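Remember, it's a predicted structure, so these values are computed and weren't measured experimentally. Note that the numbering runs from 1 along the sequence shown for the chain. The analysis underlying the following values was restricted to heavy atoms, covering all of them including side chains, and did not include hydrogens, waters or symmetry mates.
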Amino acid sequence: MNTTEVKSLLCKALREKPETLRASRKMGNIDFAKLRHMGLNENVFGMSPKALEAISEASPVSNLYADWTQKDLKEAIAENFGLTTEYVTTGCGSSAMIDAMGTAFLDPGDELMLCMPTFPAIIDTAQMHGATVKIIQMKDDLKFDLAKMLLEITEKTKMVYICNPNNPTGTYIGIDELRRFAESCPDDVIQVYDEAYIEFSDAPDCQSIVECMKELPEKPIIALKTFSKFYGMAGVRVGYALAQPEISTWLAKCGTQFGVSKTSQAAAAAAIKDKEHGAYVHEQVVRGRDYLAKEMKALGCDVYDSQTNFIFFNAHVDPVEVQYRMMEKGIFISAQAGMNRVSVSYMEDCERFIMYLAEIMHALKATA
Ligand SMILES: Cc1ncc(COP(=O)(O)O)c(C=O)c1O
């Protein structure tokens with residue numbers, strides 16, 4: 001069969017789905033083995049040694065199915081947030097949980113609302129379920145415009161997505177503003193808060209929505225979490241959603257947790273308990289983030305304050321050209337939404353990046 005013939009067999013939503021906005025899905029063949037990783041917001045400082053140990057211990061018994069009740073992992077996660085295990089649903093990365101939210105909640109005709117630029121996986125999910133996407137302009141400071149979002153909610157609005165702190169901008173919304181939004185949102189609108197990067201924050205008011213979720217049981221609030229970033233386990237593939245048990249029960253029916261392997265469950269359970277390694281990662285990331293922000297500002301870039309492990313910046317030259325030239329020098333960074341994004345790495349890589357950025361900006365401005 002040729003591609004056109006197969007296309008006629010596809011479900012309508014996939015056949016008509018617009019091209020994904022996810023940069024990583026469109027990258028093609030990049031030989032990452034030869035590049036320093038500063039483009040995908042990975043945690044170069046690695047996973048907890050205790051998680052590695054747990055993988056070694058679990059791996060020889062991988063001939064057996066994983067515990068599908070996920071007792072140990074769910075208990076470890078629940079304890080971390082002062083919850084019970086009924087609030088936790090897991091999957092292969094928070095990407096899997098994003099898909100599950102579409103499966104569980106979105107029908108054709110429903111509307112998903114978000115601000116752009118943000119992490120666009122939820123847009124793919126909505127489109128796969130025939131839902132429409134309403135995009136609200138971000139504020140000038142590149143923060144989600146929650147006031148505007150509230151005003152734009154109609155009877156069609158089924159889900160709102162807020163990434164906090166946001167990818168790719170690194171910006172965040174303080175907990176008081178978030179709480180007001182959560183309280184004001186109608187009870188029949190699912191509120192999704194993607195907190196993939198929140199563990200890297202150091203601003204006192206950059207806080208998880210989980211406490212609001214506990215306090216507002218009448219609101220369908222879902223906090224999305226991942227082991228890919230702060231816990232340095234992007235390749236292990238574990239993410240989870242925290243929500244009231246009435247919601248988690250339905251999310252669990254989407255089947256994501258059967259994909260989480262024995263080794264991944266063991267690693268994640270060990271990682272979330274290892275506070276010492278967490279403190280080490282936090283310290284390294286804040287140090288690298290402060291350094292990059294200061295040096296990029298000194299080079300004349302516009303730099304957005306970040307509470308994540310990456311920085312969004314405008315070097316006032318073509319961002320795609322910056323990405324390309326940086327790659328030629330051996331460093332992979334991202335270009336999106338008309339700007340660049342660089343992930344925090346080891347200090348020597350951050351220093352090298354700054355040196356190359358100065359050269360690239362100089363060369364591009366000379367030819368402008
Ligand atoms: C905001 C945000 N949410 C979710 C994800 C998905 O992460 P994973 O599927 O690895 O948990 C990412 C990945 O970059 C992200 O930036």
In the structure I gave you, are the side-chain heavy atoms of Met138 and Lys143 within less than 4.5 Å of one another anywhere?
no

Taking all atoms of both residues into account, what is the closest heavy-atom pair of Asn340 and Gln323, and its distance?
ND2-N, 4.1 Å

Residue Lys50 excluded, over 12 heavy atoms near NZ under 6.0 Å
no

Passes ring-ring contact (aromatic ring centres under 6.0 Å, His included), Phe32 versus His37? Steps please.
CA-CA 7 Å; Phe32 281 107; His37 286 226; 5.5 Å; yes

Check whether the side chains of Tyr172 and Asp205 place a donor and an acceptor atom closer than 3.5 Å, and report yes or no.
yes

Indicate if Val317 and Val320 have the same hydrophobic cluster label, given that clusters are the connected sets of ILVMFWY residues with side-chain heavy-atom separations under 4.5 angstrom.
no

Asp349/Arg36 salt bridge by N-O under 4.0 Å criterion
yes

Pick out which of Thr118, Leu178, Asn164 makes a side chain to side chain contact (heavy atoms under 4.5 Å, CB included) with Phe144.
Thr118

Any donor and acceptor pair, going by atom type alone, linking the side chain of Gln70 with main-chain N or O of Gln257 inside 3.5 Å?
yes

Verify same cluster id: Ile135, Tyr161 (apolar side-chain graph, 4.5 Å)
yes

Basic-acidic side-chain contact under 4.0 Å: Lys17, Asp124
yes

Using a 3.5 Å distance criterion without hydrogens, assess whether the side chain of Gln284 forms a donor-acceptor pair with backbone atoms of Val281.
no

Would you say the side-chain atoms of Tyr197 and Asn309 include a donor-acceptor pair closer than 3.5 Å?
no

Checking Lys139 side chain against Asp145 main chain: does a donor-acceptor pair fall under 3.5 Å?
no

Just verifying a value: how many Å separate Leu150 CG and Thr157 OG1, rounded to the nearest 0.5 Å?
10.5 Å

To the nearest 0.5 angstrom, please state how far the SG atom of Cys206 sits from the CD atom of Gln307.
5.0 Å

Rounded to the nearest 0.5 Å, what separation is found between the SG atom of Cys185 and the CE atom of Met159?
11.5 Å

Electrostatic pair Glu183:Arg180 at N-O distance under 4.0 angstrom
no

Is it true that the side chains of Asn166 and Thr171 contain a donor and an acceptor less than 3.5 Å apart?
no

Would you say that more than 12 heavy atoms from the other residues, nucleotides or ligands in this model lie under 6.0 Å from the OH of Tyr346, or not?
yes

Quick one: does Thr226's side chain have a donor or acceptor within less than 3.5 Å of a partner on Ser228's backbone?
yes

Just by distance, do the side chain of Arg15 and the backbone of Leu10 share a donor-acceptor pair under 3.5 Å?
yes

Verify the neighbour count for atom CD of Gln137: are there more than 12 heavy atoms of other residues, nucleotides or ligands below 6.0 Å?
no

Nearest atoms (heavy-atom pairs only) where Met38 meets Ser345
CG-CB, 3.8 Å

Closer than 3.5 angstrom, by distance alone: can the side chain of Glu42 be matched with the main-chain N or O of Gly232 as a donor-acceptor pair?
no

Is it the case that atom CG in Asp305 sees more than 12 heavy atoms from other parts of the structure closer than 6.0 Å?
no

Can you see whether Phe312 has Arg341 sitting over its ring - NZ or CZ less than 6.0 Å from the centre and within 45° of the normal?
no

On a heavy-atom basis, which atom in Gly39 and which in Ser334 lie closest, and how many Å separate them?
O-CB, 3.7 Å

Is there side-chain contact between Asn167 and Asn41, with heavy atoms separated by less than 4.5 Å?
yes

Under 6.0 Å from the NZ atom of Lys156, do we count more than 12 heavy atoms belonging to anything else shown?
no

Does one side chain, of Glu195 or Ser208, offer a donor that lies under 3.5 Å from an acceptor on the other?
yes

Quick one: are Val322 and Ile333 in side-chain contact, heavy atoms under 4.5 Å?
yes

Would a single hydrophobic cluster contain both Met347 and Met296, if residues Ile, Leu, Val, Met, Phe, Trp and Tyr are joined by side-chain heavy-atom contacts under 4.5 Å?
yes

Please tell me if the side chains of Glu53 and Ile55 come closer than 4.5 Å, counting only heavy atoms from C-beta onward.
no

One pair to check against side chain to side chain donor-acceptor pair (under 3.5 Å): His129 and Asp110. What are the steps and the verdict?
CA-CA 9 Å; His129 291 276; Asp110 286 344; over 6 Å; no

Ring pair (Phe, Tyr, Trp, His ring centres under 6.0 Å) contacts in which one or both residues fall within residues 55-111, not counting sequence neighbours:
none

Locate the shortest heavy-atom distance separating Pro165 from Gly170; write the atom from each residue and the value.
CB-O, 3.9 Å

Measure across His277 and Gly46 and return the closest heavy-atom pair with its distance rounded to 0.1 Å.
NE2-O, 2.8 Å

Determine whether the aromatic ring centres of Phe200 and Phe230 lie less than 6.0 Å apart.
yes

With a 4.5 Å cut-off on side-chain heavy atoms, are Val133 and Met113 touching?
no

With Ile162 as partner, the option from Asp194, Val192, Ile209, Leu146 fulfilling side chain to side chain contact (heavy atoms under 4.5 Å, CB included) is Leu146

Tell me, do Glu351 and Tyr291 make a side-chain contact under 4.5 Å, heavy atoms counted?
yes

In Å, rounded to the nearest 0.5 Å, how long is the span from CD of Glu86 to NZ of Lys74?
8.5 Å

Salt bridge (Lys or Arg N to Asp or Glu O under 4.0 Å): which pairs involve residues 264-292, sequence neighbours left out?
Asp202-Arg289

Hydrophobic clusters here meaning ILVMFWY residues chained together by side-chain heavy-atom distances under 4.5 Å, can you tell me if Met355 and Met326 are in one?
yes

Among Met101, Lys158, Gln127, which residue satisfies the side chain to side chain contact (heavy atoms under 4.5 Å, CB included) criterion with Leu106?
Lys158

State whether the number of non-hydrogen atoms from other residues, nucleotides or ligands found under 6.0 Å of Asp107 atom CG is greater than 12.
yes

Gap separating the CG atom of Leu299 from the CD atom of Glu359, nearest 0.5 angstrom:
11.0 Å

Ignoring hydrogens and geometry, is there a side-chain-to-backbone donor-acceptor pair from Glu218 to Asp187 under 3.5 Å?
no

In Å and rounded to the nearest 0.5 Å, what is the CE to CG distance from Met149 to Leu114?
6.5 Å

Do the side chain of Gln207 and the main chain of Pro204 share a donor and acceptor less than 3.5 angstrom apart?
yes

Between Tyr240 and Phe227, what is the ring plane arrangement, given parallel below 30°, perpendicular above 60°, and tilted in between?
tilted

Would you say Ile222 and Met213 make side-chain contact, with heavy atoms under 4.5 Å?
no

4.5 Å side-chain heavy-atom contact, Thr256 and Cys92
no

Look at the side chain of Ser343 and the backbone N and O of Phe310, then say whether any donor-acceptor pair between them is shorter than 3.5 Å.
no

Does a side-chain N-to-carboxylate-O contact under 4.0 Å join Glu348 and Arg352?
no

Say whether, by atom type as modelled, one donor and one acceptor occur between the side chain of Asp67 and the main chain of Lys71 under 3.5 angstrom.
yes

Of all heavy-atom pairs linking Val88 and Ser248, the shortest is N-OG, 4.1 Å

According to a 4.5 Å side-chain heavy-atom criterion applied to Ile, Leu, Val, Met, Phe, Trp and Tyr, with indirect links allowed, do Leu242 and Val260 form part of one hydrophobic cluster?
yes

